[in-house]
Amino acid sequence: MTSTETHTLDLPGVTLTYDVRKAAETTEPPLLMFGSPMDASGFATLAEYFPDRTVVTYDPRGAGRSKRTGGSIESTPDLHASDVYAVISAVGGPVDIFASSGGAVNALALVAKHPSVVRTLVAHEPPAAQVLPDREEALSAIADMRQTYERDGFGAAMAKFIAITSLQGPIPADFGSGPMPSPADFGMPTEDDGSRDDVLFAQNLITCTHYEHDFEALSAAPTRIVLAVGEESEGTFARRAGEGVAERLGLKPVIFPSHHGGFMGGEFGMAGQPEAFAGALREVL
């Protein structure tokens, strides 16, 4: 039987919120689960499959309950890594980590800088555009997405985000200038509400995808690193990036059930195969 405790950390520019689901008896290190910009609620289902482990989740700065307290909006993977390091210091390490999407980018940045605090890192589909063979096209399409957000707001940018993340295969050079689906096709607002502080588009989009990983430091780290990619994600941006990171580290990616959100049980409308996913994660750990 597990109990959940919620804590906060006052860090430069943010009050960070994290949750600890304590296992009554365990000899295993804490298992830290996180994404970016997705907050801790996205890992609620997955955490239930690890009652024998103390599971830690947190809301990245600017997401969910972790409110920014400074004037700066953009957050780099190195800054997120320092936040995760603070959480690990608070709960006690070393830890095992399952990190997905932008969280995987941040976790890799953490291991490059603080390898002693992570025993095993399972990095699930990090959107690391710099390692793609179509790197220039990917970076250009992402920059266009950000420009769309600045010009037209959230709905128009999200339509492009969905288009690029669901695309199978290399990104065309003219991707940004081609016809795009309407935000209404995805149930997104068509009107611009004027806000420009979205946690994905304003805070993390460019810094996350454009981040250049320190592969030399990662290769030298004592941390066991596993790159996980979704069975149903073949050919997509995030899976191809995960495969690219694995190749740079001389590793073979591990195929996990389902898709980019395969660990979720319906949170944010993305139902995957959480039981099978948890089984694969447990086996890897």
Side-chain angles (χ1 to χ4, degrees), residues 35-38 74 76-77 100-106 108 123-192 196 198-213 215 227-249 251-253 255-256 258-262 268-270 272:
S36 181
M38 186 170 66
E74 278 199 322
T76 66
S100 186
S101 195
V105 170
N106 300 338
L108 288 164
H124 179 245
E125 298 199 353
Q130 298 282 8
V131 303
L132 293 174
D134 48 325
R135 168 184 176 275
E136 294 301 328
E137 292 82 359
L139 295 175
S140 176
I142 293 165
D144 174 75
M145 194 190 312
R146 172 63 178 270
Q147 292 164 7
T148 298
Y149 175 69
E150 295 293 347
R151 183 182 64 245
D152 301 323
F154 176 82
M158 183 54 76
K160 285 192 173 182
F161 177 84
I162 294 172
I164 196 172
T165 55
S166 60
L167 178 71
Q168 291 188 318
I171 297 171
D174 62 347
F175 185 84
S177 60
M180 287 289 128
S182 166
D185 295 339
F186 306 110
M188 300 293 169
T190 57
E191 298 296 323
D192 180 4
R196 293 296 183 270
D198 183 72
V199 66
L200 170 61
F201 295 115
Q203 183 178 327
N204 294 297
L205 179 68
I206 297 297
T207 55
C208 175
T209 57
H210 287 50
Y211 187 74
E212 297 198 33
H213 290 282
F215 289 107
L227 269 298
V229 295
E231 182 180 21
E232 299 173 21
S233 302
E234 188 169 1
T236 61
F237 175 97
R239 172 162 168 169
R240 293 192 302 116
E243 292 167 340
V245 172
E247 182 178 5
R248 291 290 298 272
L249 292 173
L251 302 173
K252 183 178 180 180
I255 307 298
F256 269 49
S258 198
H259 46 62
H260 192 65
F268 304 106
M270 289 184 68

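Position 1 is the first residue of the sequence, and the numbers go up from there.
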Taking [X] for the side chain and [Y] for the main chain, is one N or O donor matched with an acceptor at less than 3.5 Å?
{"X": "Glu137", "Y": "Pro172", "value": "no"}
{"X": "Ser140", "Y": "Glu136", "value": "no"}
{"X": "Asp198", "Y": "Phe201", "value": "yes"}
{"X": "His259", "Y": "Gly261", "value": "yes"}
{"X": "Arg196", "Y": "Glu150", "value": "yes"}

With rounding to the nearest 0.5 Å, note down the distance linking [atom1] in [X] to [atom2] in [Y].
{"X": "Leu139", "Y": "Arg135", "atom1": "CG", "atom2": "CZ", "value": "5.0 Å"}
{"X": "Tyr149", "Y": "Asp144", "atom1": "OH", "atom2": "CG", "value": "15.5 Å"}
{"X": "Met145", "Y": "Phe175", "atom1": "CE", "atom2": "CZ", "value": "7.0 Å"}
{"X": "Leu167", "Y": "Arg240", "atom1": "CG", "atom2": "CZ", "value": "7.5 Å"}
{"X": "Asn106", "Y": "Asn204", "atom1": "CG", "atom2": "CG", "value": "7.0 Å"}
{"X": "Thr190", "Y": "Phe154", "atom1": "OG1", "atom2": "CZ", "value": "13.0 Å"}

Would you say the side chain of [Y] lies within less than 4.5 Å of the side chain of [X], judging by non-hydrogen atoms?
{"X": "Leu108", "Y": "Tyr211", "answer": "no"}
{"X": "Met158", "Y": "Phe186", "answer": "no"}
{"X": "Pro133", "Y": "Pro170", "answer": "no"}
{"X": "Thr207", "Y": "Thr76", "answer": "yes"}

**Q.** Within 6.0 Å of CD in Glu247, more than 12 heavy atoms from elsewhere
**A.**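 No, not enclosed.
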Q) More than 12 non-hydrogen atoms from neighbouring residues, nucleotides or ligands closer than 6.0 Å to CD on Glu74, yes or no? A)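 Yes - once you tally the heavy atoms of other residues, nucleotides and ligands closer than 6.0 Å, there are more than 12.
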Between [X] and [Y], what is the shortest heavy-atom contact and its length?
{"X": "Thr165", "Y": "Thr236", "result": "O-CB, 3.8 Å"}
{"X": "Ile164", "Y": "Phe237", "result": "O-CB, 4.2 Å"}
{"X": "Pro183", "Y": "Pro189", "result": "CB-O, 3.6 Å"}
{"X": "Arg239", "Y": "Glu125", "result": "CB-OE2, 3.9 Å"}
{"X": "Pro253", "Y": "Glu243", "result": "CG-CG, 4.1 Å"}
{"X": "Pro126", "Y": "Ala241", "result": "O-CB, 3.1 Å"}

Q) Could you go step by step and tell me if Met188 and Ile162 meet the side-chain contact (heavy atoms from CB on, under 4.5 Å) rule? A) CA-CA 11 Å; Met188 300 293 169; Ile162 294 172; 4.2 Å; yes
